[in-house]
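Just so it is clear, the structure is predicted and the values come from calculations on it, not from any experiment.
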Amino acid sequence: MKKLNKKIIYKLVIIIVIVLFVDLFSGKIFGKLYQSCKSGICSQENYIMNNTNQDLLVFGSSRAAYHYIPSILQDTIGMSVYNCGREGSGIYYHYGVLLSTLKRYNPKVIVLDIDYRDIYKAEGIFGTDILKEHAPFYHQVSHEFDSLLILPGKKEAIKLQSNLYRYNSKVFKIITGNLVRGRDNELGFRANNGVWKKSLTSLNQKDLKVDENKILTIKKFIEKVQKHKIKLILTVSPYYKKTIKGLYEPLVEVSNEKKLKY
């Protein structure tokens, strides 16, 4: 019986060692491949997190990515500009990018384009779920950055200890980023070409409830930028939706409180 127990323990130890080795080895491989992406979203992410050095940075969701053309801004204001906008991202994601940016340098100006889903309760990409996109940078930025990534729950803190877990949702993007040339972007700006054929819709605002955690994160974003003596401008890009007055009143209140241009 004792021999049997020893064999079981021995096998378990071997399995654990193999799993840890596979996790470490595969994590390092995907980490290298992630860094070597020449196109696609992974290449964009890596540049935004590790390589921006421009005077003015634009933060925001797809409405930032599609609305702000750096070349026009550069010609107008005489500053170097990069568009850090990311499709389907919310304020939690932007705050993570800010923390990574400030670790490296202080831009002169930051434009933060706010989506109404950055203010009101919404799940998925505009909730804490978007933070999994920052997983490859866990333990690489700061303690505050790591704390941000575990907002989805205690289980996330355990999962992030796995090197492979940090890249498991990006495997396809990493492979295509190394093998396939993605669409061009101009200093982060991505043009949408074509004709918009959808009809004008109305935003159902009756069900909207202010998300205090998102408001708190917006305030933290503002305070962090102000602490580094960087000029911050809050903006809201145009919507092709019918809305009622007061949709952005919570943001107006924050901008007034922090004495910001909106």
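Panel note: side chain Arg104, backbone Met49; a donor-acceptor pair is recorded below 3.5 Å. Checked by atom type and distance alone, the side chain of Ser43 never pairs as donor or acceptor with a backbone atom of Gly40 at under 3.5 Å. In this structure, the side chain of His134 does not engage the main chain of Leu149 through any donor-acceptor pair within 3.5 Å. Side-chain N or O atoms of Lys214 include one that pairs as donor or acceptor with a backbone N or O of Phe126 at under 3.5 Å. Counting only distance, with no hydrogens or angles, the side chain of Asn50 and the backbone of Tyr47 share no donor-acceptor pair below 3.5 Å. Within the 3.5 Å criterion, the main-chain N or O of Gln140 finds a donor-acceptor partner in the side chain of Lys103. Judged purely by atom type and a 3.5 angstrom limit, Asp113 uses its side chain to pair as donor or acceptor with the backbone of Ser237.
In this structure, Ile69 and Glu186 have side chains that are in contact, with non-hydrogen atoms separated by less than 4.5 Å. In this structure the side chain of Thr52 reaches within 4.5 angstrom of the side chain of Tyr105, judged on heavy atoms. Using a 4.5 Å cut-off on side-chain heavy atoms (C-beta onward), Val109 and Asp55 make no contact. Under the 4.5 Å side-chain criterion, counting only non-hydrogen atoms from C-beta, Gln54 is not in contact with Val81. A 4.5 Å side-chain heavy-atom check between Leu247 and Leu208 finds at least one atom pair inside the cut-off. At least one side-chain heavy atom of Thr235 sits less than 4.5 Å from a side-chain heavy atom of Ile233. Side-chain contact between Cys37 and Asn46 is absent, with no heavy-atom pair separated by less than 4.5 Å. The shortest side-chain heavy-atom distance between Leu57 and Val111 does not fall under the 4.5 Å cut-off.
Tyr68 OH to Leu73 CG: the interatomic distance, rounded to the nearest 0.5 Å, is 9.0 Å. Expressed to the nearest 0.5 Å, how far SG of Cys42 lies from CZ of Phe172 amounts to 11.0 Å. Once rounded to the nearest 0.5 Å, the distance linking CZ of Arg63 with CG of Asp115 reads 4.5 Å. The line from CZ of Phe221 to CG of Leu234 is 8.5 Å long, rounded to the nearest 0.5 Å.
A salt bridge does not link Lys132 to Glu156: none of the charged side-chain nitrogens sits closer than 4.0 Å to a carboxylate oxygen.
Judged by distance alone, the side chains of Arg190 and Ser62 never bring a donor and an acceptor atom under 3.5 Å apart. With 3.5 Å as the limit, one finds a donor-acceptor pair spanning the side chains of Ser36 and Asn178. Residues Ser80 and Gln74 bring no donor and acceptor atom of their side chains to less than 3.5 Å of each other.
Among residues at least two apart or in separate chains, salt bridge (Lys or Arg N to Asp or Glu O under 4.0 Å) pairs with a member in residues 221-246 are Glu144-Lys224, Glu223-Lys258.
Between Tyr248 and Tyr239, the angle of the ring planes lies from 30° to 60°, which puts this pair in the tilted group.
Judged by a 6.0 Å distance limit and a 45° cone about the ring axis, Arg166 is not positioned over the six-membered ring of Phe137.
The salt bridge (Lys or Arg N to Asp or Glu O under 4.0 Å) test applied to Asp211 returns no partner, not counting sequence neighbours.
With ring centers used as reference points, His139 lies 6.0 Å or more from Phe145.
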